[in-house]
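Everything below concerns the one structure shown next.
Computation of the quantities below employed the complete heavy-atom set of this structure, encompassing side-chain atoms and omitting hydrogens, waters and symmetry-equivalent molecules.
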Amino acid sequence: MARRSVPILRHLLTKPNAPAFAAQTRSVTYMPRPGDGAPRAVTLIPGDGIGPLVTNAVEQVMDAMHAPVYFEKYEVTGDMPRVPEEVIESIRKNKVCLKGGLATPMGGGVSSLNMQLRRELDLYASLVNCFNLRGLQTKHDNVDIVVIRENTEGEYSGLEHEVIPGVVESLKVITKFCSERIAKYAFEYAYLNNRKKVTAVHKANIMKLADGLFLESCREVASKYPGITYNEVIVDNCCMQLVSKPEQFDVMVTPNLYGNLVANTAAGIAGGTGVMPGGNVGAEHAVFEQGASAGNVGNQKILEKKKANPVALLLSSAMMLRHLQFPSFSDRLETAVERVILEGKFRTKDLGGHSSTQEVVDAVIAALD
């Protein structure tokens, strides 16, 4: 099965064409520079609810693989007023972070720490890879969608105020700069990963200026990539098309709010949020986490029974390893996870099984060899 978690805007080294008589030799897949194999520090935020359970699963697997990473762990909870400065500094230093889910209080004056992290580090692109795993029954086959979402503005700009009692005004902000850079990211991603089509998701028929600016930016960038097919779809039609014919989509680029909805819809079609990897990336830093919304982060019953699904975060950590240029470790981890899913003996409840988190982790570790 082809590797699904992919590098974040990094060139993959192409295997050379080996002559037939050299079939028994290993082809060169990665030529490290001196020092590339040195262990890398990664900031680890276990998070709330099931977060510590699934991040511990990653720690166990990384240790079993002897992966060249070590974790700097920080306790952060979603009810904190802001992300502690030492955590931000750790991510700035290490460039890479792995995190569990952080709960966001509903209403009130507490802002989302997830949003704070993205703004502080300018993690402008959210990437979620939604694909079928062999052995996992879903309503649709041949799903392999990458949703690339603008991560810093739109309805998530946080510009809200009460005009008069009972009337709240919320501002949606779309800028040329942010629209262009997310479009460039999407097309560059498609180009470097041999993807054939980029679809822009919008509501420009109603929000003619805001979403119109987003579309205008996507069209300008698309003109510079003639080898990649470009098309556009209105967000409501997009959701209908996703649940009826998802195989038509390849790479999707979206403004902030639409991307959240589209990624979760695509994840549900392809096997559920518990198996979809993802990450938030910027020019300098990357934070890897469960790809689609961790709606079960505060599920007390799952936490008490220790039956949270670790697959999404394990696959996100494989993306992290490839981002760090440790491709063989990434391949090994992905292969082990895929083998466990295919065999079907150890699965958590959301995948139709009864296994605990630890039983899935033990199965993945056993499959590493």
Side-chain angles (χ1 to χ4, degrees), residues 1-6 125-151 182-183 185-187 189-205 211 214-215 218 222 225 227-280 289-296 309 311-312 315-316 318-319 334 337-338 341-342 344 347 350-352:
M1 183 177 182
R3 295 299 95 217
R4 301 294 190 177
S5 71
V6 282
S126 167
L127 185 149
V128 182
N129 195 186
C130 303
F131 59 93
N132 294 124
L133 281 163
R134 287 187 302 163
L136 195 61
Q137 269 200 321
T138 58
K139 292 183 178 179
H140 293 278
D141 299 321
N142 303 316
V143 177
D144 187 2
I145 301 170
V146 175
V147 181
I148 294 174
R149 160 192 173 195
E150 204 290 320
N151 226 2
I182 197 64
Y185 184 92
F187 277 92
Y189 177 94
Y191 172 68
L192 292 177
N193 291 284
N194 198 30
R195 296 276 182 161
K196 305 301 182 187
K197 181 166 68 172
V198 172
T199 301
V201 182
H202 67 95
K203 191 65 177 172
N205 56 323
D211 285 25
F214 175 79
L215 275 190
C218 289
Y225 292 83
I228 297 172
T229 301
Y230 170 70
N231 66 342
E232 301 166 354
V233 61
I234 297 173
V235 64
D236 39 352
N237 181 38
C238 172
C239 292
M240 188 274 289
Q241 295 289 336
L242 270 173
V243 298
S244 59
K245 194 180 177 185
E247 61 275 8
Q248 69 184 284
F249 295 109
D250 191 358
V251 175
M252 306 176 80
V253 60
T254 78
N256 207 331
L257 177 62
Y258 308 155
N260 199 4
L261 307 177
V262 167
N264 278 270
T265 303
I269 290 163
T273 59
V275 294
M276 300 301 153
N280 301 285
E289 59 188 323
Q290 181 171 320
S293 294
N296 59 357
N309 190 347
V311 168
L315 291 175
S316 296
M319 290 179 70
E334 287 176 332
V337 171
E338 289 167 1
I341 295 294
L342 180 60
R347 293 183 183 177
D350 59 313
L351 301 184

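Under the salt bridge (charged side-chain N to carboxylate O under 4.0 Å, His left out) criterion, no residue pair touches residues 258-280, with sequence neighbours excluded. The stretch residues 257-276 participates, sequence neighbours left out, in no salt bridge (charged side-chain N to carboxylate O under 4.0 Å, His left out) pair at all.
Not counting sequence neighbours, N205 has no partner by the side-chain hydrogen bond (donor to acceptor under 3.5 Å, both in side chains) test. For N256, the side-chain hydrogen bond (donor to acceptor under 3.5 Å, both in side chains) test picks out R149, with sequence neighbours left out. In this view, R347 and L136, I341, L351 satisfy the side chain to side chain contact (heavy atoms under 4.5 Å, CB included) rule, not counting sequence neighbours. Remark: T199 engages N231 in a side-chain hydrogen bond (donor to acceptor under 3.5 Å, both in side chains) (not counting sequence neighbours). Every residue two or more places apart in sequence or in another chain that forms a side chain to side chain contact (heavy atoms under 4.5 Å, CB included) with A267 is listed here: C130, T273, M276, A292. By the salt bridge (Lys or Arg N to Asp or Glu O under 4.0 Å) test, E247 is found to be paired with no residue, residues two or more places apart in sequence or in another chain being considered. D250 meets the side chain to side chain contact (heavy atoms under 4.5 Å, CB included) test with R195, K196, K197; sequence neighbours excluded. For T138, the side-chain hydrogen bond (donor to acceptor under 3.5 Å, both in side chains) partners are N132, not counting sequence neighbours. Not counting sequence neighbours, the partners of E289 by the salt bridge (Lys or Arg N to Asp or Glu O under 4.0 Å) test are K99.
Of the inter-residue distances, the one linking Y258 atom OH with D211 atom CG reads 3.5 Å to the nearest 0.5 angstrom. Here L342 contributes atom CG and L133 contributes atom CG; the two are 9.5 Å apart, rounded to the nearest 0.5 Å. Atom CG of N264 and atom CD1 of I269 lie 11.0 Å apart (nearest 0.5 Å). The OG1 atom of T254 sits 15.0 Å away from atom NZ of K203, with the distance rounded to the nearest 0.5 Å.
The two residues S316 and G278 have their closest heavy-atom pair at OG-N, 3.1 Å. Scanning all heavy atoms of the two residues, the minimum distance from I145 to P246 falls at CD1-O, 3.6 Å. Summarising the geometry of F214 relative to V201, their closest heavy-atom pair is CE2-O, 3.7 Å, with the distance given to 0.1 Å.
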